[in-house]
Amino acid sequence: MSDFNTIVQTVAVYLVPVLFAISLHEASHGYAARYFGDPTAANQGRLSLNPIRHIDPFGTVLLPLLLYFTIQVPFGYAKPVPVDFSRLRNPKKQMAWVAFAGPGSNFVMGFAWMIALVVLSVLPPTEIGAFLRKMAGAGVSVNAAMFVFNMIPVPPLDGGRIMTGILPMSLARPYASIERYGMYVFGALVLLMYLGVLNGVLLAAIKFVIGIFVMLVSPLTAMLT
């Protein structure tokens, strides 16, 4: 099989899972922010489940492909949903929940894809069924990867903002100041992944999350088999 055909097949399998994993991640931040009192995302028309509104050409398309063909862990990012933390009713406490909404949505989506994978695995074998099983498997791995990566406790990642919300104010302020170097931090993490420095730890964490999905869906698996 040619490299071109491999790329086309990979894109076909991962396109829907990646688009929704990234887009719903961002939309979830906006919905959580609105719930806690910040309507910024809603006012700017970013409270949408339409992936087109959230696509970033590099972060949503090129970066996931690059990482898939180098380290076999496809993840990326979308256009960040604007959140004005100062407009939250309790900014320090609620910023942690707004931040967790993104990776939390990835956990839920990963579990939903696992349910789909279990159901598809017991259906009669067909060509479309085989494709959908690959897509469901991709949905599980993509969302597990996004959950793990975004929970790294370093600003500007969601895990860093969660940590800022948890730390006492004396530590939270200097810790949050790291976010001004956000692009450098993100770039450094991607570079370390590309070089293989973080891969062992991240892959172990991703397998652990997938193991949780398997455990949660085990009653359904037992019922269908």
Cut-off 3.5 Å, no hydrogens considered: what does the side-chain donor-acceptor table look like for residues 21-28, sequence neighbours left out?
{"unit_1": "S23", "atom_1": "OG", "unit_2": "L19", "atom_2": "O", "d": "2.7"}
{"unit_1": "H25", "atom_1": "ND1", "unit_2": "G102", "atom_2": "O", "d": "3.2"}
{"unit_1": "H25", "atom_1": "ND1", "unit_2": "N106", "atom_2": "OD1", "d": "2.7"}
{"unit_1": "H25", "atom_1": "NE2", "unit_2": "H29", "atom_2": "NE2", "d": "3.2"}
{"unit_1": "H25", "atom_1": "NE2", "unit_2": "D158", "atom_2": "OD2", "d": "3.0"}
{"unit_1": "E26", "atom_1": "OE1", "unit_2": "V81", "atom_2": "N", "d": "3.0"}
{"unit_1": "S28", "atom_1": "OG", "unit_2": "L24", "atom_2": "O", "d": "2.7"}

Name the atoms and distances for all side-chain donor-acceptor pairs under 3.5 Å in residues 200-214, with sequence neighbours left out.
none

> In chain order, what residues pass the side-chain hydrogen bond (donor to acceptor under 3.5 Å, both in side chains) check against T126, with sequence neighbours excluded?
Replying inline: none
> Is it the case that one hydrophobic cluster holds both V98 and F149, taking links as side-chain heavy atoms less than 4.5 Å apart, direct or via other members?
Replying inline: no
> Can you name the side-chain contact (heavy atoms from CB on, under 4.5 Å) partners of V197, sequence neighbours left out?
Replying inline: L192, L195
>> Test of understanding: clusters of I, L, V, M, F, W, Y form through side-chain heavy atoms closer than 4.5 Å, transitively. Do F147 and Y14 belong to the same one?
In response: yes
> Are I152 and M95 connected in a single hydrophobic cluster, I mean Ile/Leu/Val/Met/Phe/Trp/Tyr linked by side-chain heavy atoms less than 4.5 Å apart?
Replying inline: no
>> According to side-chain hydrogen bond (donor to acceptor under 3.5 Å, both in side chains), who are the partners of T10, at least two apart in sequence or on a separate chain?
In response: none
> ring-ring contact (aromatic ring centres under 6.0 Å, His included): which pairs involve residues 114-142, sequence neighbours left out?
Replying inline: none
What side-chain donor-acceptor pairs closer than 3.5 Å can you find for residues 115-122, not counting sequence neighbours?
{"unit_1": "S121", "atom_1": "OG", "unit_2": "L117", "atom_2": "O", "d": "3.4"}
{"unit_1": "S121", "atom_1": "OG", "unit_2": "V118", "atom_2": "O", "d": "2.6"}

> What pairs with A42 under side-chain contact (heavy atoms from CB on, under 4.5 Å), at least two apart in sequence or on another chain?
Replying inline: R34, L47
> Should M151 and V108 be regarded as members of a common hydrophobic cluster, given that ILVMFWY residues are connected when their side-chain heavy atoms come within less than 4.5 Å of each other, either directly or indirectly?
Replying inline: no
> Which residue pairs pass the side chain to side chain donor-acceptor pair (under 3.5 Å) test when at least one of the two sits in residues 88-100, sequence neighbours left out?
Replying inline: none
>> Counting only heavy atoms not in R87 (residues, nucleotides, ligands), do more than 12 fall under 6.0 Å from its CZ?
In response: yes
> Please, which pairs that meet salt bridge (charged side-chain N to carboxylate O under 4.0 Å, His left out) have at least one residue in residues 116-132, sequence neighbours excluded?
Replying inline: none
Pair up each side-chain donor or acceptor in residues 161-172 with any protein partner under 3.5 Å, not counting sequence neighbours, and list the distances.
{"unit_1": "R161", "atom_1": "NE", "unit_2": "E179", "atom_2": "OE1", "d": "3.4"}
{"unit_1": "R161", "atom_1": "NE", "unit_2": "E179", "atom_2": "OE2", "d": "3.1"}
{"unit_1": "R161", "atom_1": "NH2", "unit_2": "E179", "atom_2": "OE2", "d": "2.3"}
{"unit_1": "T164", "atom_1": "OG1", "unit_2": "G160", "atom_2": "O", "d": "2.9"}

> With H54, which residues qualify under ring pair (Phe, Tyr, Trp, His ring centres under 6.0 Å), at least two apart?
Replying inline: none
>> Check for me, please, whether F85 and V154 land in the same ILVMFWY cluster - side-chain distances under 4.5 Å, paths through other members count.
In response: no
